[in-house]
Amino acid sequence: QVQLVESGGGLVQTGGSLRLSCAASGRTFRSYAMGWFRQAPGKAREFVAAIRWSGGSTYYADYVKGRFSVSRDRATNTMYLQMTSLEPEDTAVYYCGAAEFQGVLTEASLYRYWGQGTQVTVSS
């Protein structure tokens, strides 16, 4: 059973930075795709960034490209989301997901495992 635990959320001012972590356990993630999604109140969960665990290929949503960076540490089974130049529109609960797939995935419905989420609030 895969378990994902996010951390690192908080309150930050516009233009600030945060780094989210997603600690994964329960599997060897060599053949997994992992990603970050976010959900604001009243809105659907939307794709933010994804990474292929084995090769490290990454993919970003246009609205975070150049501001956010996804990475992973294979030694500790941890995925990170470094967020810079944060804007109030980035306010949401951020979730990490995992799927047994060798590539990157941008559709939330294709992810099998999810963490509990971590709140990110950007004040104007």
Side-chain angles (χ1 to χ4, degrees):
Q1 183 69 18
V2 173
Q3 292 186 324
L4 304 173
V5 180
E6 301 98 334
S7 61
L11 173 64
V12 65
Q13 292 184 331
T14 296
S17 300
L18 282 174
R19 188 176 81 156
L20 306 183
S21 300
C22 173
S25 61
R27 282 281 192 280
T28 299
F29 293 95
R30 184 170 56 244
S31 301
Y32 273 67
M34 297 187 71
W36 288 98
F37 289 75
R38 67 188 185 187
Q39 189 165 17
K43 295 188 176 181
R45 190 168 296 190
E46 65 179 11
F47 170 71
V48 174
I51 188 166
R52 178 177 176 175
W53 195 260
S54 59
S57 303
T58 58
Y59 190 80
Y60 297 91
D62 286 343
Y63 36 81
V64 304
K65 202 172 293 184
R67 301 188 299 124
F68 292 10
S69 177
V70 60
S71 61
R72 88 286 188 239
D73 183 336
R74 288 187 287 180
T76 61
N77 281 349
T78 304
M79 179 176 63
Y80 300 98
L81 184 68
Q82 179 67 50
M83 306 185 294
T84 64
S85 301
L86 283 162
E87 304 165 351
E89 293 73 24
D90 296 315
T91 295
V93 177
Y94 283 69
Y95 298 90
C96 66
E100 194 163 2
F101 181 77
Q102 295 200 37
V104 292
L105 295 173
T106 62
E107 292 292 331
S109 62
L110 299 177
Y111 283 79
R112 180 176 180 183
Y113 304 102
W114 292 96
Q116 82 289 350
T118 185
Q119 176 71 47
V120 171
T121 303
V122 185
S123 64
S124 57

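One-based numbering along the sequence shown. Since the model is a prediction, treat every value here as computed from it, not as a measurement.
- A donor-acceptor contact shorter than 3.5 Å is absent between the side chain of Gln116 and the backbone of Val5.
- Applying the 6.0 Å contact sphere to CD of Glu107 captures no more than 12 heavy atoms from other residues, nucleotides or ligands.
- Considering only residues two or more places apart in sequence or on other chains, Gln3 meets the side-chain contact (heavy atoms from CB on, under 4.5 Å) condition with Ser25.
- Clustering ILVMFWY residues whenever any of their side-chain heavy atoms sit less than 4.5 angstrom apart, transitively, puts Leu4 in the very cluster that holds Leu81.
- Pairing each heavy atom of Thr91 with each of Ala40, the nearest pair is O-CB, 3.8 Å.
- In terms of modelled atom types and a separation under 3.5 Å, the side chain of Tyr113 and the main chain of Gln1 share no donor-acceptor contact.
- Both Trp53 and Tyr60 are members of a single hydrophobic cluster when ILVMFWY side chains are connected at heavy-atom separations under 4.5 Å.
- Between Tyr59 and Val104, the shortest heavy-atom distance links the atoms CB-CG2, 4.2 Å.
- No donor-acceptor distance shorter than 3.5 angstrom exists from the side chain of Ser21 to the backbone of Tyr80, with no hydrogens or angles considered.
- A side-chain donor-acceptor contact under 3.5 Å links Arg52 and Ser54.
- A pairwise comparison of heavy atoms in Trp114 and Ala108 identifies CZ2-O, 3.4 Å as the closest pair.
- Residues Gln39 and Lys43 approach most closely at NE2-O, 3.1 Å, considering heavy atoms.
- Ile51 and Leu105 fall into different hydrophobic clusters, where Ile, Leu, Val, Met, Phe, Trp and Tyr are joined by side-chain heavy atoms under 4.5 Å apart, directly or via other members.
- Summarising the geometry of Val64 relative to Val48, their closest heavy-atom pair is CG2-O, 3.4 Å, with the distance given to 0.1 Å.
- Ser17 and Gln82 get closest at one heavy-atom pair: CB-NE2, 4.1 Å.
- Side chain of Ser85 to main chain of Gly15: no donor-acceptor pair is present (N/O by atom type, distance under 3.5 Å, no hydrogens or angles).
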### Task
Check the pair Glu89, Tyr63 against side-chain contact (heavy atoms from CB on, under 4.5 Å), reporting the backbone distance first and the verdict last.
CA-CA 10 Å; Glu89 293 73 24; Tyr63 36 81; over 6 Å; no
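- No close placement of the Tyr111 and Tyr95 rings is indicated, their centers lying 6.0 Å or farther apart.
- Glu100 meets the side-chain contact (heavy atoms from CB on, under 4.5 Å) test with Tyr32; sequence neighbours excluded.
- Residues satisfying the side-chain contact (heavy atoms from CB on, under 4.5 Å) test with Val12, not counting sequence neighbours, are Leu18, Leu86, Val122.
- Here the CZ-OG distance, from Arg19 to Ser69, works out to 10.5 Å after rounding to the nearest 0.5 Å.
- The shortest distance between side-chain heavy atoms of Phe101 and Leu110 does not fall below 4.5 Å.
- A distance-only check finds no donor-acceptor pair linking the side chain of Glu6 to the backbone of Leu20 [under 3.5 Å].
- Two residues are said to be in side-chain contact when any heavy atoms from C-beta on lie closer than 4.5 Å; Val120 and Met83 meet this criterion.
- Once rounded to the nearest 0.5 Å, the distance linking CD of Gln13 with OG of Ser124 reads 9.5 Å.
- Residues Tyr94 and Phe37 do not share a hydrophobic cluster, defined by chaining ILVMFWY side chains whose heavy atoms lie under 4.5 Å apart.
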